[in-house]
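In what follows, every chain begins at residue 1, and chains take the letters A, B, ... in the order their sequences are listed.
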Amino acid sequence: MFSAATWNVNSLRRRLEALAWFADEIAPDVICLQETKVIDGLFPAAAIAAMGYPHQVFTGMKAYNGVAIVSKVPLINPEVKSWCDRDDARHIFAGVETGTRLGCLEVHNLYVPAGGQIADPLKNPKFAHKLAFITELTHWWAARGAGAGRIMAGDFNIAPLAADVWSHERLRRTITHTEIEIIHLDALQRSARWIDAVRLLRPETEPLFTWWSYRADDWEAVNKGRRLDHLWVSEDLARAASEAIIFKAARDWQLPSDHAPVIVSFSV
DNA sequence: ATGGTCGCTTGGCGA
């Protein structure tokens, strides 16, 4: 088995203990982390190496955003991408030497802008930025074309399917579930023939959430969640994908992130 | 329509 995970930790330093628990309980081979909220000079490299993840690539900034890939197996040729002319630490990718028949994978880790509150790009620059970010990324992937051995994971901040939100009717005008966002995400998915590994392995009608607001009194009982975190794969990896887990238990740990990790396993 | 809670940083923004 080879496994890959994505987790928006909402501050890596605040979530170090939780990451250690995750490393103990699930131990994915490679983990994509978003919202690390730490500058590179303060990245907790030694602590994460001690969890079994000595291979690390990251790009961070003060207080906001930040993405990292940490791995049990070697990472090569890391690159940081900037979209919409902003160096805001939302996209990093690297080669992952799996040491299996899967070979060296290209793993992309994304933190798509959340987009603010008002679902109108003319009135809300944050929403315009979100759509432009996805459009630029789509053009880049279309130019690169479809390929093998690829993973694109992260907090995409869009829940595309009706079963990706607690109420399709109540949220269809709410950012993360608007039609225009879903159209943008669909275009991104088509740009390089990405396959949503989680929905490949689960029925499209099964409610699946990866995020629950901090503001709910009892997040699990109320269960007003959304599936914002995704792990997409190229067709060859889709054929090898064997299991998808949303690790809800992490949402109940002490000092939880508001996002749960998503893990996909591949037969090797 | 509003507020509810976090994290970073110490006032207020972003989510």
Exercise for review: For residues 248-268 of chain A, pull every pair meeting salt bridge (charged side-chain N to carboxylate O under 4.0 Å, His left out), keeping only residues two or more places apart or in separate chains.
Suggested key: Glu220(A)-Lys248(A)

Practice item. Would you mind reading off the distance between Asp258(A) atom CG and dA15(B) atom P, rounded to a whole angstrom? Key: 12 Å

Practice item. Could you work out the separation of dG4(B) and dA15(B) based on their C1' atoms and round it to a whole Å? Key: 13 Å

Review point. Want to settle it: does Ala216(A) or Arg13(A) sit nearer the 5' end of DNA chain B, counting the closest nucleotide to each?
Key: Ala216(A)

Check your understanding: Starting at CZ of Arg251(A) and ending at P of dT5(B), how long is that distance when rounded to a whole Å?
Key -> 13 Å

Review point. dC8(B) P sits how many Å from Arg15(A) CZ, rounded?
Key: 8 Å

Residues 91-100 of chain A side chain polar contacts: donor-acceptor under 3.5 Å, at least two apart:
residue	atom	partner	partner atom	Å
His91(A)	ND1	Trp83(A)	NE1	3.0
His91(A)	NE2	His108(A)	ND1	3.0
Thr98(A)	OG1	Thr100(A)	N	3.1
Thr98(A)	OG1	Thr100(A)	OG1	2.9
Thr98(A)	OG1	Gly103(A)	N	3.4
Thr98(A)	OG1	Gly103(A)	O	2.6
Thr100(A)	OG1	Leu102(A)	N	3.0

Practice item. Could you state the atom-to-atom distance from NE2 of His129(A) to C1' of dA15(B) in whole Å? Key: 15 Å

Revision key, fill the gap. Under the rule of Watson-Crick or G-U wobble with both distances under 3.5 Å, where | means paired to another strand and [ ] a crossing pair, DNA chain B maps to ....((((...))))

**Study point:** side chain to side chain donor-acceptor pair (under 3.5 Å) partners of Arg150(A), counting only residues at least two apart
**Key:** none

I'd like a list of close polar pairs between nucleotides 12-14 of chain B and the protein, N/O only, cut-off under 3.5 Å.
residue	atom	partner	partner atom	Å
dG14(B)	OP2	Lys126(A)	NZ	3.1

Review point. Going by the salt bridge (charged side-chain N to carboxylate O under 4.0 Å, His left out) test, which pairs reach into residues 13-34 of chain A, not counting sequence neighbours?
Key: none

Check your understanding: How close or far is atom P of dA15(B) from atom CD of Gln117(A), stated in whole angstroms?
Key -> 10 Å

Point to revise | For Ala45(A), all residues meeting side-chain contact (heavy atoms from CB on, under 4.5 Å), sequence neighbours excluded | key: Phe43(A), Gln56(A)

Practice item. With sequence neighbours excluded, give me every ring pair (Phe, Tyr, Trp, His ring centres under 6.0 Å) pair touching residues 143-174 of chain A. Key: Phe156(A)-His230(A), Phe156(A)-Trp232(A), His168(A)-His177(A)

Practice item. Compute both the distance and the angle, then confirm whether Lys72(A) meets the cation-pi test with Tyr53(A): under 6.0 Å from the six-membered ring centre, within 45 degrees of the axis. Key: yes

Revision key, fill the gap. The side-chain contact (heavy atoms from CB on, under 4.5 Å) partners of Thr178(A) (sequence neighbours excluded) come to Ala119(A), Phe127(A), Ile180(A), Glu181(A)

Practice item. Just do the ring-ring contact (aromatic ring centres under 6.0 Å, His included) check on Trp253(A) and Phe247(A) with the steps written out, would you? Key: CA-CA 11 Å; Trp253(A) 285 340; Phe247(A) 193 55; 5.7 Å; yes

Point to revise | Between dT10(B) (C1') and Lys62(A) (NZ): distance, integer Å | key: 12 Å

Exercise for review: In whole angstrom, give the distance that lies between atom CD1 of Ile39(A) and atom P of dC8(B).
Suggested key: 13 Å

Study note, to complete from the structure: Atom CD of Gln34(A) and atom P of dC6(B) are separated, to the nearest Å, by 21 Å

Revision key, fill the gap. Per nearest nucleotide of DNA chain B, the residue lying toward the 5' end, Thr36(A) or Pro113(A), is Thr36(A)

Practice item. Provide the distance between the two C1' atoms, one in dT10(B) and one in dC6(B), to the nearest whole Å. Key: 16 Å

